[in-house]
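Each chain gets a letter, A, B and so on, in the order its sequence line appears, and its residues count up from 1. Source: prediction; values computed, not measured.
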2 protein chains.
Amino acid sequence: MNKNRGRPRGRPATKARIAEKARALFLAHGYQGTTLRAVAAAADVDVALIGYHFGSKQGLFGEAMNIDCGRSTAIVRALDGDPAYLAERLVDAVTALWEEPDGAGFAALEPVAMRDEDVMRVFREFLEREVLGRIADHLGGRHARERATAAVAVLGGLIFTRYLNPLGPVVALDAADVRRILAPALRAALHGRTVPVRAHRLPARLSRTA
Amino acid sequence: MNKNRGRPRGRPATKARIAEKARALFLAHGYQGTTLRAVAAAADVDVALIGYHFGSKQGLFGEAMNIDCGRSTAIVRALDGDPAYLAERLVDAVTALWEEPDGAGFAALEPVAMRDEDVMRVFREFLEREVLGRIADHLGGRHARERATAAVAVLGGLIFTRYLNPLGPVVALDAADVRRILAPALRAALHGRTVPVRAHRLPARLSRTA
DNA sequence: CCTGGATATTCAACGCTGATGAATAAAAAC
DNA sequence: GTTTTTATTCATCAGCGTTGAATATCCAGG
């Protein structure tokens with residue numbers, strides 16, 4: 001009568017394996033693009049076991065993507081340290097600012113923040129004065145303010161797509177992933193590199209598309 | 001033999017009625033929250049008729065939301081052409097999308113957009129489905145989705161800091177300036193470069209500050 | 001007027017999704 | 001040694017978007 005049913009022998013870390021495979025699939029294909037059956041197949045497990053361990057797809061998502069952040073620091077302090085990793089520290093500072101564990105982060109005012117004009121103005125001033133201004137001062141040089149503006153645009157993009165108007169694929173990342181994939185862009189913004197190849201021919205080429 | 005089947009008498013504007021009801025439902029419940037069967041029921045029509053008129057759910061969304069012509073396709077068209085200037089074309093496509101001269105751009109819904117949860121949701125789905133998905137498909141390769149996510153974060157930053165919650169220094173730029181200072185960041189995001197120097201020492205260095 | 005294609009509509013089914021209750025086997029508690 | 005708790009599979013559900021076929025009306029050519 002016996003099939004593969006019932007509790008298996010030993011203590012296989014099945015739940016952890018499911019979460020691990022789920023995380024990889026969520027990162028690769030996004031939330032909608034990842035089916036529970038695909039996760040179950042990757043973990044070599046029945047679909048129903050996911051429901052047993054995690055309750056629902058959202059429960060699996062929440063647990064698999066569990067943000068491990070436990071950092072708290074201001075943007076300004078990110079300016080100190082090795083200039084080579086300034087971009088990484090700035091990205092980390094933004095994520096840490098929201099995802100502070102003890103409810104002290106900006107995450108508290110997340111849900112309704114977008115509809116409140118006052119909150120948005122606070123935001124604007126924070127980005128413009130605190131972030132942009134300090135970054136520009138720190139960078140120095142001829143085009144410091146332009147480069148700082150680009151950097152703030154990138155950081156604002158992180159804030160916008162992850163917290164204020166959260167996009168699934170951005171939320172799916174943990175803080176380390178965010179740093180990894182966004183730091184290169186922020187570094188390019190900070191360094192203010194121009195077009196690396198054949199820059200002089202750019203405008204003519206682009207005039208048609210724009 | 002006759003049922004309710006076949007072409008009805010007269011010239012009922014069925015297609016327009018479907019799009020109209022669909023638009024209301026998309027705004028009320030979002031893309032995922034709106035089922036084709038609900039739309040069909042609201043329009044007093046069979047589900048299959050939607051497929052006949054609009055091809056797919058995405059087609060219905062595009063037509064109902066008027067983002068099919070010259071809007072989402074502007075992003076798609078930017079994908080064609082010299083890969084070396086893909087970043088420039090994408091930045092231009094976003095600015096052009098808002099700053100279309102004849103009032104046809106997104107600028108029309110700008111003032112109230114931020115406070116309207118429904119508009120934001122549509123916007124979110126536009127970014128996630130139309131922009132991120134198409135960029136990921138176009139890039140291909142192993143980390144295509146990650147790189148597309150980074151790119152959308154950068155483009156979202158432009159949208160956020162220039163249009164939705166306008167920051168003075170960003171608004172002060174013209175379209176050419178925006179392209180010049182933001183294209184390097186977007187290019188880095190698209191190429192998905194990792195840390196250029198001493199990458200292996202990164203985690204230890206950051207653990208203190210972050 | 002008649003006829004034949006083009007058009008618009010419903011019907012019926014498919015394969016897939018996420019979810020759930022029941023059966024079962026091992027482990028843990030008593 | 002028995003009972004309870006835990007982990008797992010199986011079988012099935014309703015709902016989803018999509019598709020092929022049937023059917024009724026419109027419209028153009030004779």
Atom-to-atom span, [atom1] of [X] to [atom2] of [N] - whole angstrom:
X	N	atom1	atom2	value
A:R17	D:dT8	CZ	P	8 Å
B:I18	C:dA8	CD1	C1'	10 Å
A:R9	C:dA27	CZ	C1'	11 Å
B:N4	C:dA12	CG	P	11 Å
B:F54	D:dT18	CZ	C1'	16 Å
A:K15	D:dT6	NZ	P	12 Å
B:L49	C:dA8	CG	P	9 Å

Worksheet entry | Under the salt bridge (Lys or Arg N to Asp or Glu O under 4.0 Å) test, residues paired with B:K57 that sit two or more places apart |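 Once residues adjacent in sequence are excluded, B:K57 has no partner under the salt bridge (Lys or Arg N to Asp or Glu O under 4.0 Å) criterion.
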
Discussion item. Tell me every residue that passes salt bridge (Lys or Arg N to Asp or Glu O under 4.0 Å) with B:D46, counting only those two or more places apart in sequence or in another chain.
Written reply: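 Partners of B:D46 under the salt bridge (Lys or Arg N to Asp or Glu O under 4.0 Å) test: none.
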
Fill in: Side-chain N,O (A:T14) to OP1/OP2 (D:dA7) below 4.0 Å
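Looking at the OP1 and OP2 atoms of D:dA7, neither is under 4.0 Å from any side-chain N or O of A:T14.
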
Discussion item. Counting only side-chain nitrogens and oxygens, does A:H53 get under 4.0 Å of the OP1 or OP2 atom of D:dT6?
Written reply: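 Looking at the OP1 and OP2 atoms of D:dT6, neither is under 4.0 Å from any side-chain N or O of A:H53.
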
Fill in: Donor-acceptor pair under 3.5 Å, B:R7 side chain vs C:dT9 base
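No, no donor-acceptor pair under 3.5 Å.
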
Discussion item. Do B:V152 and A:V170 have side chains that approach each other closer than 4.5 Å (heavy atoms only, starting at C-beta)?
Written reply: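 B:V152 does not reach A:V170 side chain to side chain.
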
Worksheet item: So, do B:R145 and B:L139 sit near enough that their side-chain heavy atoms are less than 4.5 Å apart?
Response: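 Side-chain contact under 4.5 Å: no.
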
Response to the item:
5' to 3', nucleotides 15-23 of chain C under a 4.0 Å protein heavy-atom cut-off (B base, S sugar-phosphate only, - none) gives --BBBBB-B

Worksheet item: Distance-only, no hydrogens or angles: does the A:R17 side chain make a donor-acceptor pair with backbone N or O of A:A43 under 3.5 Å?
Response: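 Yes, A:R17 side chain to A:A43 backbone: donor-acceptor pair under 3.5 Å.
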
Worksheet item: Closest heavy-atom contact between A:R37 and A:V47?
Response: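 Minimum heavy-atom contact is CG-CG2, 3.6 Å.
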
